[in-house]
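Here is the structure we will look at, set down as structure tokens.
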Amino acid sequence: MKVLITGAAGAIGSTLRTGLAGRYALLRLSDRGELGAAGTGEELAPADLGDYEAVLAAMRGIDCVVHLGGIPHEAPWPEILESNIIGAYHMFEAARASGVRRVIFASSNHAVGFHRVERMLDACSVPRPDSRYAVSKVYGEALGRLYADKHGMSVACLRIGSFRPLPGDRRQLATWISPRDMTELVRCCIDAPEFRYLVLYGVSANRRSRWLNRDAARVGYQPRDDAELWATQLEGRDSGGEAARAFHGGGFCDLELSNKINDID
Ligand code: 15L
């Protein structure tokens, strides 16, 4: 199994680089940022996602892509357009053209961020993006669906929660995913037998989670960490404003908000 990780210099990418080391015949690491020296079993493929030829070159001989590349937060439209919209298209198209069997797409919980927190969400919850960044994740999930249906590619979209060494506020008691569980989720998605298209939540075994992760069993993902261990320290620690407390997306819902909270159903 030859695996390509895009965005390999980022926080999740670096964690996977360590956690998956030695597990596959090849771990090819791609990023536009600094990747350091290649270790045993690694290859480096520096690439900007806006450069299709460079992305295509990174795909050569690859079986599975873990696509973490792109901007991981809200940003001005030109940046989202270049890295997350055009970049995701380049990645899926280059994967198809290269015969890649499976793509694991790093989506985000913000794809469904404007659902009220009282509502339990699952893989079928309709998109309610809370930012331009989140719109790019909804679009990436749609691209994944297209390539799965039209080209028979195996695609897993991971609606990742709050990836941190430790949970940092009250919201993250529900949304946290630990580095250990994140690595395990990606490993399960790489190793799982055939599936066509799955939407999974990237979340630890938090007892306060508001995301039903029914398809996690399809890939054998069994998270082990629970943010509840930090509940007494974090209980009163709220980040963001009124919208952050009302909706799944937390602080992203506050950004540039000009609507009234009560006018959002
Ligand atoms: C995300 O999608 C972001 O990449 C990350 O920085 C966090 O904001 C996370 O979601 C979250 O919801 O906590």
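Read the numbers this way: they start at 1 and go in the same order the structure lists the ligands and their atoms.
- A salt bridge is defined here as a Lys NZ or Arg NE, NH1 or NH2 lying under 4.0 Å from an Asp or Glu carboxylate O, and E256 with R132 meets this definition.
- Residue F252 approaches ligand 1 through these ligand atoms, each under 4.0 Å from one of its heavy atoms: 8 (O).
- Under a 4.0 angstrom heavy-atom cut-off, N109 registers as being in contact with ligand 1.
- Here the CG-CG distance, from N109 to L158, works out to 12.0 Å after rounding to the nearest 0.5 Å.
- Atom 7 (C) of ligand 1 has R164 NH2, 3.9 Å as its closest protein atom, hydrogens excluded (heavy atom only).
- In this structure, E82 does not pair ionically with R32, as no charged nitrogen and carboxylate oxygen lie closer than 4.0 Å.
- The atoms of ligand 1 that sit less than 4.0 Å from any heavy atom of S162 are 11 (C), 12 (O), 13 (O).
- Side-chain atoms of W176 and D226, non-hydrogen and from C-beta on, never get closer than 4.5 Å to each other.
- Atom-to-atom distance recorded for I261:CD1 and C253:SG is 8.0 Å, nearest 0.5 angstrom.
- For Y201 and R159, the side-chain atoms include at least one donor-acceptor pair closer than 3.5 Å.
- Against a heavy-atom cut-off of under 4.0 Å, P72 is close to the following atoms of ligand 1: 3 (C), 4 (O), 6 (O).
- At least one heavy atom of Y133 sits under 4.0 Å from some atom of ligand 1.
- Under the 3.5 Å distance criterion, the side-chain polar atoms of D169 are left unmatched by any main-chain donor or acceptor of R237.
- Here the heavy atom of the protein found nearest to atom 10 (O) of ligand 1 is H110 NE2, 3.0 Å.
- Not close to ligand 1: H73, with no non-hydrogen atom less than 4.0 angstrom away.
- For the ligand labelled ligand 1, residue Q172 lies outside the 4.0 Å heavy-atom shell.
- Shown in contact with S108 at under 4.0 Å from a heavy atom are these atoms of ligand 1, numbered in order with element: 1 (C), 2 (O).
- When each atom of ligand 1 is checked for a heavy atom of G161 under 4.0 Å away, the hits are 9 (C), 10 (O), 11 (C).
- Taking the ring-ring contact (aromatic ring centres under 6.0 Å, His included) definition, one finds that Y221 meets it with nothing, sequence neighbours left out.
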